[in-house]
Amino acid sequence: MRAALWLLALFGVAVAAALFAGNNQGTVTLYWPPYRIDLSLNMVVLLLVGGFVTVYMALRALAAMLELPHQARRWRVQQKERAMHGAMLDALTHMLAGRFIRSRKAALAALTQEEALTSASEKVPHGHHLRALAHMVAAESSHALQDRPTRDRHLQQALDQAPAGGTAQEQELREGVQMRAARWHLDDRDAGTALERLAALPQGAARRTLALRIKLKASRLARQTSDALDTARLLGKHHAFSADAAQSIVRGLATELISSAHDTAQLQQIWLQLEQSERTMPELSIHAAQRLAALGGESTQVRAWLLPAWERMVTLPDALPDHQALKLVRTLESGMDTLDATWLARLESAQLANPRDARLQYLAGVACLKRELWGKSQQLLTQATTHLPDASLRASAWRHLAELAEQRNDGEAATAAWKKAALAH
């Protein structure tokens, strides 16, 4: 369409020129005493057009000739910029390939090229960003080479290129430098400095997944289990781990936090700090109850913490692994002397609902033993000895049967029970 319009316009110009020049009888007379020159109007028009074109082309040629030094200077600057960016790309490539000496050398070459451009009054618009990245690559390579003084020097220079309170891009760059520095200090096993670097981040940057991962490792290294647990919860909410991995990490940290309690008051405070979903984990509830019992806590509180794990074991017999079920049974057994009527009813109803569960038979038998119900205790413990999966529980059951036999003054049965208790280990 455009070509057709240009063709029509060309035809129009040709027709107009033919009409104007074909019948044009005008003349132009120039007087230059004593001379007189007569020219046709068409010739004058042609001379004017030709003169304008000639002058225009001459001016263009002169301008191009005068522009040659500037073009040469721009070409030299462009070559230096290309060399600078090429050195920066080489530095990144060598760093990713693990050739850290070459990477640092290329980063320093990029810095030299940028300084040469700056000294020549040819500043690169993104020069400070490039300088910061070059210093970061040099610092990263120095860290890999265990050259900490050089690393720290380039790190400080990178921070100087991205001052606090600058533009949004400079702020992002500074946050990245601080996160990377925190990671370096973590590699050096310097958890305190790593946490200080992370604390200097703005609130939004400190809640990013990368920062939280570093904080989690640094907190665990610094033995700040409470902070590590809070960080692990945030990472789980951000889906930084799979659901199973997040639960495992939280469970491990909560277990470590519970184990660090030195008295019952501190343990209860830790327990209240746990989330409801964490307090219902069988591993945590059993471990917390064991720790409370070891610290001399009230048996009522111990059993209250054991209740979620107990309900899971009673409702789903295979829900708890054997080692957790064993800990649960042992913890309940340690508080049988103060067992209240509510828990006694729970034991009886659970044993009646699951008559083939040897662990429940054992617990019910011990409860009857503590209440001097000798006959029922003997019946339940005898049934449990043949089905208990754990050797230590079988040995305990035989010891209780030996005690019952001694209560009946049945020396032969007591001796046989003590022998079986010794052989059960």
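Pairing each heavy atom of Val137 with each of Leu92, the nearest pair is CG2-CD2, 3.6 Å.
Using a 4.0 Å cut-off between charged nitrogen and carboxylate oxygen, Arg208 and Glu175 count as a salt-bridge pair. Using a 4.0 Å cut-off between a side-chain N of Lys or Arg and a carboxylate O of Asp or Glu, Asp147 and Arg104 qualify as a salt bridge. Electrostatic pairing of Arg291 and Glu256 does not count as a salt bridge here, judged by no charged N lying under 4.0 Å from a carboxylate O. For Asp322 and Arg359, the salt-bridge test passes: some basic side-chain N is under 4.0 Å from an acidic carboxylate O. The pair Asp188-Arg151 meets the salt-bridge criterion, since a charged nitrogen lies less than 4.0 angstrom from a carboxylate oxygen. Look at Asp187 and Arg183 and you find a salt bridge, because one of the NZ, NE, NH1 or NH2 atoms lies within 4.0 Å of a carboxylate O, short of that distance.
Taking CG of Leu253 as the reference point, atom CZ of Arg220 lies at 4.5 Å (rounded to 0.5 Å).
A donor-acceptor contact shorter than 3.5 Å is absent between the side chain of Ser141 and the backbone of Ala138.
Each of Gln247, Gln273, Arg233 was evaluated against Glu278; a single residue qualifies, Arg233, per the side chain to side chain donor-acceptor pair (under 3.5 Å) test. When His135, Glu140, His143 are each tested for a side chain to side chain donor-acceptor pair (under 3.5 Å) with His154, only one passes: His135.
Using a 4.5 Å heavy-atom cutoff, the side chains of Leu111 and Leu130 are not in contact. Residues Gln71 and Arg74 form a side-chain contact, since some pair of their non-hydrogen atoms from C-beta on lies under 4.5 Å apart.
Trp398 has its ring centre no less than 6.0 Å from the ring centre of Trp418.
Between Asp190 and Thr193, the side chains place a donor N or O and an acceptor N or O closer than 3.5 Å (distance only, hydrogens not considered). Side-chain polar atoms of His239 and Thr209 form no donor-acceptor pair below 3.5 angstrom.
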